[in-house]
Amino acid sequence: QVQLVESGGGLVQPGGSLRLSCAASGFRFDLYGIGWFRQAPGKEREGVSCITASDGSTYYADSVKGRFTISRDNGENTVSLQIDSLKPKDTAVYYCAAENPSNYAWGCMLLDSRGMDYWGNGTQVTVTS
């Protein structure tokens with residue numbers, strides 16, 4: 001059974017940091033690109049960051065470059081998203097998602113949710129003073 005479980009969300013003040021984790025099971029984790037997406041109330045889901053399986057290339061939305069860092073541990077089947085310098089506009093539910101290798105990483109490279117096959121249930125990040 002495929003599972004993606006996010007953790008690490010919470011309530012933080014602007015300028016603070018969080019580290020989100022995504023634990024995967026039930027599929028060949030090392031072959032899948034893993035991305036983070038977020039959805040704020042009343043807004044569409046948007047791609048935040050992604051890391052490929054083949055060479056660990058990383059991709060970031062312009063809005064988070066320099067503040068977010070994605071990494072993966074294939075031995076532990078986990079992907080982390082370090083979020084620094086949080087802003088109120090980062091408030092959203094954050095989801096991790098896995099992209100089938102047959103997609104040749106286009107979903108990851110374009111941060112496009114349509115390229116993702118498996119999804120977690122999300123973790124809430126709230127940034128407020």
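Given the structure is predicted, the values throughout are model-derived calculations rather than measurements. Computation of the quantities below employed the complete heavy-atom set of this structure, encompassing side-chain atoms and omitting hydrogens, waters and symmetry-equivalent molecules.
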K.L.:
Would you say the side-chain atoms of Y60 pair up with the backbone N or O of I70, donor to acceptor, closer than 3.5 Å?
P.N.:
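Side chain of Y60 to backbone of I70: a pair is present.
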
K.L.:
Within this structure, what is the CG-CD1 distance for the pair N77 and I34, rounded to the nearest 0.5 Å?
P.N.:
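The CG atom of N77 sits 9.0 Å away from the CD1 atom of I34.
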
K.L.:
Just by modelled atom types, is the A105 backbone N or O under 3.5 Å from a matching donor or acceptor in the N103 side chain?
P.N.:
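Not at all, since once roles are kept as given, no pair shorter than 3.5 Å links the two residues.
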
K.L.:
When you compare the side chains of S80 and Q82, does any donor N or O come within less than 3.5 Å of an acceptor on the partner?
P.N.:
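No, no side-chain donor-acceptor contact under 3.5 Å.
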
K.L.:
Which pair of heavy atoms, one from S17 and one from S85, lies closest together, and at what distance?
P.N.:
OG-N, 4.3 Å

K.L.:
Any ring-ring contact (aromatic ring centres under 6.0 Å, His included) pairs touching residues 89-116, not counting sequence neighbours?
P.N.:
none

K.L.:
Is the closest side-chain heavy-atom distance between C96 and Y118 below 4.5 Å?
P.N.:
no

K.L.:
Indicate yes or no: at least one non-hydrogen side-chain atom of L86 is less than 4.5 angstrom from one of D84.
P.N.:
no

K.L.:
For a side chain to side chain contact (heavy atoms under 4.5 Å, CB included) check, start with the C-alpha distance between S49 and L81, then their side-chain angles and the critical distance, and finish with the verdict.
P.N.:
CA-CA 8 Å; S49 182; L81 185 69; 4.1 Å; yes

K.L.:
Cation-pi check for F29 against R72: NZ or CZ below 6.0 Å from the six-membered ring centre and within 45 degrees of the axis, yes or no?
P.N.:
yes

K.L.:
In the structure I gave you, are the side-chain heavy atoms of Y32 and M116 within less than 4.5 Å of one another anywhere?
P.N.:
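SC-SC contact between Y32 and M116 ruled out.
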
K.L.:
Linking I/L/V/M/F/W/Y whenever their side-chain heavy atoms sit closer than 4.5 Å, directly or via other members, would L110 and Y59 fall into one cluster?
P.N.:
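No; Y59 is not reachable from L110 via cluster members.
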
K.L.:
Which pair of non-hydrogen atoms, one from L4 and one from A24, has the smallest distance, and what is that distance?
P.N.:
CD2-CB, 3.5 Å

K.L.:
With heavy-atom distances below 4.5 Å as the criterion, would you say the side chains of T128 and L11 are in contact?
P.N.:
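Sidechains of L11 and T128: in contact.
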
K.L.:
Could you walk me through whether V125 and T91 pass the side chain to side chain contact (heavy atoms under 4.5 Å, CB included) test, one step at a time?
P.N.:
CA-CA 5 Å; V125 172; T91 295; 5.9 Å; no

K.L.:
Do you know the tightest heavy-atom contact between D55 and S57?
P.N.:
OD1-OG, 2.7 Å

K.L.:
Might you point out which heavy atoms bring C108 and I51 nearest each other, and give the distance in Å?
P.N.:
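Scanning both residues, the minimum pair turns out to be SG-N, 3.5 Å.
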
K.L.:
Would a 4.5 Å heavy-atom cut-off, applied to side chains only, mark D30 and R28 as touching?
P.N.:
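Yes; the side chains approach each other to less than 4.5 Å.
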
K.L.:
So which heavy atom on W36 is nearest to which on C22, and how close?
P.N.:
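Answer, listing the atom of W36 first, then C22: CZ2-CB, 3.6 Å.
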
K.L.:
Would you name the heavy atoms of G47 and A61 that are closest together and state the gap between them?
P.N.:
O-CB, 3.5 Å

K.L.:
Would you call T123 and L20 a side-chain contact if the rule is heavy atoms closer than 4.5 Å?
P.N.:
yes

K.L.:
Membership question, hydrophobic clusters at under 4.5 Å side-chain separation (ILVMFWY): are V64 and V12 in the same one?
P.N.:
yes

K.L.:
Which is it for R45 and W119 under the side chain to side chain contact (heavy atoms under 4.5 Å, CB included) test, yes or no, and what are the steps along the way?
P.N.:
CA-CA 13 Å; R45 189 171 296 186; W119 290 84; 3.2 Å; yes

K.L.:
Determine whether a donor-acceptor pair (N or O, by modelled atom type, separation under 3.5 Å) exists between the side chain of E46 and the backbone of R38.
P.N.:
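Side chain of E46 to backbone of R38, a donor-acceptor pair under 3.5 Å: no, none is there.
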
K.L.:
Evaluate the side-chain proximity of R19 to S71: yes if any heavy-atom separation is below 4.5 Å, no if none is.
P.N.:
yes

K.L.:
Start with the C-alpha gap between D90 and F68, add the side-chain angles, then the distance that decides, and say whether side chain to side chain contact (heavy atoms under 4.5 Å, CB included) holds.
P.N.:
CA-CA 11 Å; D90 294 320; F68 289 22; 4.0 Å; yes

K.L.:
Could you verify whether a donor N or O on one side chain and an acceptor N or O on the other, from D73 and T78, lie under 3.5 Å apart?
P.N.:
no

K.L.:
Any side-chain to backbone donor/acceptor pair from E6 onto N121? Under 3.5 Å, distance only.
P.N.:
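Such a contact is found between E6 side chain and N121 backbone.
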
K.L.:
If you draw a 6.0 Å radius around CD in Q124, do more than 12 non-hydrogen atoms from other residues or ligands fall strictly inside?
P.N.:
yes

